[in-house]
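Read the structure below first, then the notes.
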Amino acid sequence: MKKLIRRIDILFAFILTIIYSAVAVGTYSLPSQISQNSDNKIVFNKIYTVNTNNEKSVDYQNASPVSTTNAQINLFGVIPVKNTEIVNDKDLGRVYVSGESFGIKLYTDGAIIVGMKDVETESGKINPAQQSGLQKGDIIIGINGKRVTNAYQVEEIFNSGQKEYKIKVKRDGGYKSFVLKPALSKPDGLYKIGLWVRDSTAGIGTVTFYNPSNNTVAALGHPITDVDTNEIMPILNGEAVKASVTKLYKSKNGEAGSLCCDFSNNVIGTLNTNNISGIYGKYICQIDNLKDYQVAMAQEVERGDAKIICTVDENGPREYDVQIVRVSYRDNNEKNMVIRVTDKRLLELTGGIVQGMSGSPIIQNGKLVGALTHVIVDNPEKGYAIFAEKMVKTSLNVE
């Protein structure tokens, strides 16, 4: 009898541990706001359900108020886990899914400070740019009251030989002004300011979808950042060009592989938005052989089998098998999901996920659910992905 009681106690303790873990995980990872239309049933991972209490509220975070319903997420339909809101959102619609590799050419709105260097003077080494208050990552947008948009303009003004420059920069979403005084270089007798700037970048990525509702193209699923400053590059303008895969370096544990592409002169679109959920622009060419998919809301995504569409050779976009192994609803734009490549063909070709596959669309249950964003370097069979819902909502605001 004592043994039976002990076993019951152990079982009960085990069940409580499981419930406590589920509640803790749910509180941490489940969403504080849920999109819903009239046809959508809300169930998370088959164990969390949503119960509304019919109390109405209004969300004023957007330009126009959105009617919402206060609700509660319950474990097994019984145990309360987290309060949430159901947004009576419109249907996300259908988009044309791509998976095609393309070339990216971006030109920044201003010149980014990417480095600083000491100037050797008669009295020792000094750094005029640093002394003025300028920082690596600042975006120079004006000098002496004149608007500047690129590195050439900045260099031309700094080479004019003036003894003082009034610099206006963009920093952390705001604007700051500084006075920069060049230092006389002892070796060559020239006045120098001690900084490097850059205004453009290029790379490759994967087109996620084309949204016909406003002729918008979306790609990458993550922002393009400056390699030196790690800041999101502000776009003045950019181009998307056709590219063909010429070589592939396979990924292996601890080392991410990469796609190598040749850029063509065939411009397929313009790029005008670079933000936390990807890069966006407008197609200017005819679109052929693309299949349209309904866009899934975030809460429809579940762990299990899925497909990824990507280009890893000269044959163009193809479907490969993957598994969604983790889903998170936290406000982390680039890491909503973890996927694992299970397709032997793709593993043989690439070793898993390689650089250049960012933006590859993910299909589950016949819907577009997300886009690949990053490889997990220590285990390149796995990678992170973003919800398609976030990218589509961003695309609707691209002008």
Please report the interatomic distance [atom1]([X]) to [atom2]([Y]), rounded to the nearest 0.5 Å.
{"X": "Phe263", "Y": "Ser244", "atom1": "CZ", "atom2": "OG", "value": "10.0 Å"}
{"X": "Asp138", "Y": "Lys136", "atom1": "CG", "atom2": "NZ", "value": "12.0 Å"}
{"X": "Lys192", "Y": "Thr121", "atom1": "NZ", "atom2": "OG1", "value": "12.0 Å"}
{"X": "Thr373", "Y": "Met391", "atom1": "OG1", "atom2": "CE", "value": "9.5 Å"}
{"X": "Ile309", "Y": "Lys291", "atom1": "CD1", "atom2": "NZ", "value": "8.0 Å"}
{"X": "Ser132", "Y": "Lys166", "atom1": "OG", "atom2": "NZ", "value": "14.0 Å"}

Evaluate the side-chain proximity of [Y] to [X]: yes if any heavy-atom separation is below 4.5 Å, no if none is.
{"X": "Val338", "Y": "Ile324", "answer": "no"}
{"X": "Tyr249", "Y": "Cys260", "answer": "yes"}
{"X": "Asn215", "Y": "Tyr210", "answer": "yes"}
{"X": "Gln162", "Y": "Asn144", "answer": "yes"}
{"X": "Asn266", "Y": "Val241", "answer": "no"}
{"X": "Met337", "Y": "Arg326", "answer": "no"}
{"X": "Gln131", "Y": "Ile126", "answer": "yes"}
{"X": "Leu195", "Y": "Leu134", "answer": "yes"}

Check [X] against [Y] and note the closest heavy-atom contact, atom names and distance.
{"X": "Lys282", "Y": "Asn214", "value": "NZ-O, 2.6 Å"}
{"X": "Pro361", "Y": "Gly99", "value": "CD-CA, 3.7 Å"}
{"X": "Leu396", "Y": "Ser213", "value": "CD2-OG, 3.7 Å"}
{"X": "Ile157", "Y": "Lys146", "value": "CD1-CD, 4.2 Å"}
{"X": "Val154", "Y": "Ala111", "value": "CG2-CB, 3.7 Å"}
{"X": "Glu381", "Y": "Leu347", "value": "CG-CD2, 3.7 Å"}

inquiry  = Could you go through Thr206 and Phe102, starting from their C-alpha distance and side-chain angles, then the distance that decides it, and tell me whether this counts as side chain to side chain contact (heavy atoms under 4.5 Å, CB included)?
reply    = CA-CA 6 Å; Thr206 300; Phe102 75 112; 5.6 Å; no
Quick check: does any side chain N or O of [X] sit under 3.5 Å from a backbone N or O of [Y], one acting as donor and the other as acceptor?
{"X": "Asp172", "Y": "Gly174", "value": "no"}
{"X": "Arg147", "Y": "Ile141", "value": "yes"}
{"X": "Ser264", "Y": "Lys242", "value": "yes"}
{"X": "Thr208", "Y": "Gly359", "value": "yes"}
{"X": "Ser358", "Y": "Leu220", "value": "no"}
{"X": "Gln364", "Y": "Asp305", "value": "yes"}
{"X": "Thr149", "Y": "Gly110", "value": "no"}
{"X": "Thr273", "Y": "Tyr280", "value": "no"}
{"X": "Lys250", "Y": "Glu348", "value": "yes"}
{"X": "Glu122", "Y": "Lys186", "value": "no"}

Hey, any chance [X] and [Y] share a hydrophobic cluster, counting ILVMFWY side chains that come within less than 4.5 Å of each other, even indirectly?
{"X": "Phe158", "Y": "Ile113", "value": "yes"}
{"X": "Phe178", "Y": "Val119", "value": "no"}
{"X": "Tyr293", "Y": "Val295", "value": "yes"}
{"X": "Val197", "Y": "Val114", "value": "no"}
{"X": "Ile139", "Y": "Ile193", "value": "no"}

query = When you look at Asn211 and Tyr283, which way does the side chain to side chain contact (heavy atoms under 4.5 Å, CB included) test go after all the steps?
reply = CA-CA 10 Å; Asn211 193 337; Tyr283 261 132; over 6 Å; no
message = Counting neighbours of CD on Gln135 that are heavy atoms of other residues, nucleotides or ligands and sit closer than 6.0 Å, is the number greater than 12?
response =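 Yes, enclosed.
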query = Of the options Thr225, Ile224, Ile112, which is the one that meets Thr201 in a side chain to side chain contact (heavy atoms under 4.5 Å, CB included)?
reply =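 Filter result, single survivor: Ile224.
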key: Partner of Val341 by side chain to side chain contact (heavy atoms under 4.5 Å, CB included), out of Leu346, Asp321, Leu372   =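 That would be Leu346; it is the only one of Leu346, Asp321, Leu372 passing the side chain to side chain contact (heavy atoms under 4.5 Å, CB included) with Val341.
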request  = Show your working on side chain to side chain contact (heavy atoms under 4.5 Å, CB included) between Asn336 and Val327 and close with a plain yes or no.
outcome  = CA-CA 6 Å; Asn336 300 132; Val327 181; over 6 Å; no
ask   = Where do Phe209 and Tyr96 land on the ring-ring contact (aromatic ring centres under 6.0 Å, His included) test, with the steps shown first?
value = CA-CA 5 Å; Phe209 63 80; Tyr96 289 93; over 10 Å; no
task = Answer with yes or no whether the side chains of Ser277 and His222 bring together a donor and an acceptor at under 3.5 Å.
result =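 Side-chain D/A pair, His222 to Ser277: absent.
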key: Lys/Arg-Asp/Glu bridge criterion (N-O < 4.0 Å) met for Lys393, Glu389   =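 Salt bridge flag = yes for Glu389 with Lys393.
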key: Pair Leu271-Ile104, side chain to side chain contact (heavy atoms under 4.5 Å, CB included): steps then yes or no   = CA-CA 9 Å; Leu271 301 173; Ile104 303 165; 4.0 Å; yes
ask   = Under the 6.0 Å and 45° cation-pi test, does Lys335 pair with Tyr384?
value = yes
